[in-house]
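Structure, as structure tokens:
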Amino acid sequence: MNTFHNPPGLAAPNGFSHVAETRVRRTLIVSGQVAYDASGSVVGAGDLHAQTRQVYANIQAALANCGATMDDLVKTTLFVRDLDPEKAAVVRRARQPFLPAEHPCASTMVGVASLARPDLLLEVEAIAMTD
């Protein structure tokens, strides 16, 4: 069972939890996912919202393949090309439907100069833990 905490004295989180606590043994580590569809084509070229939705759909599919769900996520690390406050807000809005509202996972968002291909705007690594 995973539990999520937002301790007093820390700023109120915006779409994430400060701490994810787990006491389980099965860990799923999902490689950085980008906005590729099943054929390897980039979805949403130039559109950060569309790419974010594709990335989180890919994470969801990877977890489902292992019998896990987005509720099992405990940590994500996001790499956003040329990150600024507006882009951070776009990513938060686009990923919101994929994350459990009552306990979003711990999360780190990092700005990067580039990703593997120039048309990619976002890459996300994920860790999930299940019973």
Is there a donor-acceptor contact under 3.5 Å linking the side chains of Asp47 and Gln51?
-> no
Could you work out the complete set of other residues in the hydrophobic cluster of Val91, with links drawn between I, L, V, M, F, W and Y side chains under 4.5 Å apart?
-> Leu28, Val30, Leu48, Val55, Tyr56, Ile59, Leu63, Met70, Leu73, Leu78, Val80, Leu83, Val90, Phe98, Leu99, Met109, Leu121, Leu122, Val124
All pairs passing ring pair (Phe, Tyr, Trp, His ring centres under 6.0 Å) where residues 100-131 contributes a residue, at least two apart = Phe4-His103
Given side chains that start at C-beta, do those of Asn14 and Arg92 come closer than 4.5 Å, heavy atoms only?
-> yes
Answer yes or no: are there more than 12 heavy-atom neighbours, outside Glu21 itself, under 6.0 Å from its atom CD?
-> yes
Please say whether more than 12 non-hydrogen atoms of neighbouring residues, nucleotides or ligands are located less than 6.0 Å from CD in Glu86.
-> no
Whether Asn65 side chain and Ala62 backbone form a donor-acceptor pair below 3.5 Å | no
Is the side chain of Asn6 donor-acceptor paired with the backbone N or O of His18 at a distance under 3.5 Å, no angle test?
-> yes
Please determine, by modelled atom types, if Thr52 and Arg95 share a side-chain donor-acceptor pair under 3.5 angstrom.
-> no
Smallest heavy-atom separation, Pro97 atom then Arg53 atom, equals CG-NH1, 3.7 Å
Are Thr108 and Thr77 linked by a side-chain donor-acceptor pair shorter than 3.5 Å?
-> no
Are the side chain of Asn58 and the backbone of Ala35 linked by a donor-acceptor contact shorter than 3.5 Å?
-> no
Any side-chain heavy atom of Tyr36 sitting closer than 4.5 Å to one from Val43?
-> no
Atom pair CE (Met129) and SG (Cys105), whose distance is rounded to the nearest 0.5 Å = 12.0 Å
So which heavy atom on Ala113 is nearest to which on Asp82, and how close?
-> O-OD1, 4.1 Å
Mind checking the OG-NZ spacing from Ser17 to Lys75? Nearest 0.5 Å is all I need.
-> 12.0 Å
Answer with yes or no whether the hydrophobic clustering places Val19 together with Ile127; edges join I, L, V, M, F, W, Y residues whose side-chain heavy atoms lie under 4.5 Å apart.
-> no
Decide whether Val110 and Leu120 are clustered together by the hydrophobic rule: side chain heavy atoms of Ile, Leu, Val, Met, Phe, Trp, Tyr closer than 4.5 Å, transitively.
-> yes
Under 4.5 Å between any side-chain heavy atoms of Pro104 and Gln96, yes or no?
-> no
